[in-house]
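So the structure is just underneath, and the comments pick up after that.
Throughout, protein chains are lettered first and strands after them, A, B, ... in sequence-line order, and every chain is numbered starting at 1.
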Protein chains: 2
Amino acid sequence: MNQKLPVPERLLAAAADLFARDGFDAVSVRQITSRAKANLGAITYHYGSKEALFHAVIDRVGAHLADRFVSIAAEKGAPLERIGRIVTMVLTEPNLPAPTMILRELAMDRPLPPPLVQMMQRNMGAVMGLIREGQADGSIRHGDPALFAMSVMAQPFLLRMVSRIPRDIAGIDRNDPETQRKLVKHVVTTITRSLAS
Amino acid sequence: MNQKLPVPERLLAAAADLFARDGFDAVSVRQITSRAKANLGAITYHYGSKEALFHAVIDRVGAHLADRFVSIAAEKGAPLERIGRIVTMVLTEPNLPAPTMILRELAMDRPLPPPLVQMMQRNMGAVMGLIREGQADGSIRHGDPALFAMSVMAQPFLLRMVSRIPRDIAGIDRNDPETQRKLVKHVVTTITRSLAS
DNA sequence: TTTTGGTTCATACGTATGTATGAATAGCGT
DNA sequence: ACGCTATTCATACATACGTATGAACCAAAA
């Protein structure tokens with residue numbers, strides 16, 4: 001890690017790595033400060049608490065994902081085509097901890113971190129906008145845009161984690177580039193077919 | 001809780017409730033034994049360790065879910081129709097902690113509990129069987145049954161957690177029975193359309 | 001040069017953790 | 001009634017946790 005970064009940035013980066021991989025409960029303050037090469041008290045001093053740092057991480061990775069959604073949604077192309085690009089991005093972007101962190105937080109029975117709610121709002125907004133546009137031009141069938149948006153995101157978010165499943169069960173090896181390409185094509189096709197009029 | 005149950009069963013039930021809600025890391029041995037009205041040492045005595053108890057819980061809830069999958073897959077009806085029933089079951093069955101626990105474990109960067117792998121194997125097997133049957137009779141389009149099965153499960157597994165998302169973002173309130181029915185209909189339709197030939 | 005405020009440090013604290021252990025208890029079989 | 005095994009109990013242990021704190025340090029401003 002770049003020692004030249006100021007301590008708050010190093011803490012954020014270390015926390016992002018560890019929280020993305022292991023989740024809030026399984027990561028300790030000592031692990032984060034050790035990885036960031038900072039003092040044990042640095043988290044409390046700069047962020048106030050472990051939880052506040054966690055929210056800062058969610059804000060950082062969430063904003064990044066939402067930016068990508070909004071950015072692709074604003075590109076040229078048919079609505080379904082742009083939805084396909086968003087789905088491809090979620091499935092193929094290498095450093096993208098947000099989907100896993102979202103799923104993990106959704107699976108916990110505790111209040112969602114506010115930055116996560118904000119990010120989901122932007123993501124849903126971007127996808128719902130595309131769906132409404134497609135419904136207006138007749139390329140997407142009628143239905144509740146919110147439900148459609150949830151369905152669009154379910155597959156890529158979950159199938160990003162397919163590499164976690166033993167190969168002989170998932171039937172695919174996501175570390176194989178050809179299989180990865182096939183998976184992306186499959187997901188995009190499946191989503192496109194379910195939305196098209 | 002039924003005090004009449006033997007201690008191992010009470011521990012399993014208490015652990016199932018707590019692990020389902022909060023996940024392995026956030027639940028303590030003391031919380032489980034307190035809820036089960038058992039002694040602090042009971043977990044180590046009967047199960048060997050906290051982790052072993054966790055695996056026993058996964059085995060219990062995983063076997064239950066897999067049984068439901070296999071049972072519905074074996075019913076009468078067209079393959080797509082039975083897939084629809086499986087999806088409906090996942091979305092509507094009230095006491096079904098397995099989907100959330102699966103997602104949570106998939107979102108962690110640690111080895112999957114063996115009982116979870118076994119359960120996924122049975123679930124995938126049941127759904128893939130239906131897909132192959134549908135492809136054989138021409139009702140389901142050609143494609144990799146494993147990929148199709150993953151896609152089938154992605155939406156219901158994830159959309160079970162929609163109630164966790166603030167209503168004005170998800171656009172739906174799953175506590176409202178009419179919205180719940182609409183959600184189920186939407187998911188079944190979406191999946192059916194994406195599979196149909 | 002001195003002062004000031006931000007930052008880092010080493011240490012401490014109270015609380016919590018999972019596991020271990022020897023003693024006590026209970027129930028079953030002989 | 002006795003012996004044995006399973007089970008439960010209360011307590012202890014070593015370790016770990018997040019947060020707090022006063023001291024030390026550093027850089028910028030006066």
| request: Considering just the side-chain nitrogens and oxygens of S28(B), establish if one lies under 4.0 Å of OP1 or OP2 belonging to dT17(C). | output: yes
| request: May I have the distance from I43(B) (atom CD1) to dA20(C) (atom P), rounded to whole angstrom? | output: 13 Å
| query | Is there a residue in residues 45-55 of chain B whose heavy atoms reach under 4.0 Å of DNA chain D, and which residues are they? | reply | Y45(B), H46(B)
| request: Give every residue pair that meets the ring-ring contact (aromatic ring centres under 6.0 Å, His included) criterion with at least one member in residues 55-91 of chain A, sequence neighbours excluded. | output: none
| request: Give every residue pair that meets the salt bridge (Lys or Arg N to Asp or Glu O under 4.0 Å) criterion with at least one member in residues 39-57 of chain B, sequence neighbours excluded. | output: none
| How long is the line joining CD of Q31(A) and C1' of dT19(D), in whole Å? | 17 Å
| field | Qualifying ring-ring contact (aromatic ring centres under 6.0 Å, His included) pairs with a residue from residues 22-53 of chain A, counting only residues at least two apart or across chains | value | F19(A)-F24(A), F24(A)-F54(A)
| Summary of ring-ring contact (aromatic ring centres under 6.0 Å, His included) pairs that have at least one residue in residues 84-104 of chain A, sequence neighbours excluded | none
What protein N or O atoms touch nucleotides 10-15 of chain D N or O atoms at under 3.5 angstrom, if any, and at what distances?
unit_1: dA10(D); atom_1: N7; unit_2: N39(B); atom_2: ND2; d: 3.4

| task | Rounded off to whole Å, could you give me the CG-to-P distance for the D25(A) and dA16(C) pair? | result | 16 Å
| task | Could you tell me which non-hydrogen atom of R193(B) sits nearest to which non-hydrogen atom of A196(A), and how far apart they are? | result | NH2-O, 2.7 Å
| query | If you look only at pairs with a residue in residues 18-34 of chain B, which of them pass as a salt bridge (Lys or Arg N to Asp or Glu O under 4.0 Å), with sequence neighbours excluded? | reply | D25(B)-R110(B)
| remark: So the ring-ring contact (aromatic ring centres under 6.0 Å, His included) pairs with at least one residue in residues 125-164 of chain B (sequence neighbours excluded) are H186(A)-F148(B)
| message | Without decimals, in angstroms, what is the distance between L11(B) CG and dG18(C) C1'? | response | 15 Å
| said: Given dT19(D), dA20(C), dG18(C), identify the nucleotide with an atom nearest to the side chain of V29(B). | reply: dG18(C)
| message | I'd like to check the side-chain hydrogen bond (donor to acceptor under 3.5 Å, both in side chains) partners of R85(A); sequence neighbours left out, ordered by chain and number. | response | E75(A), E81(A)
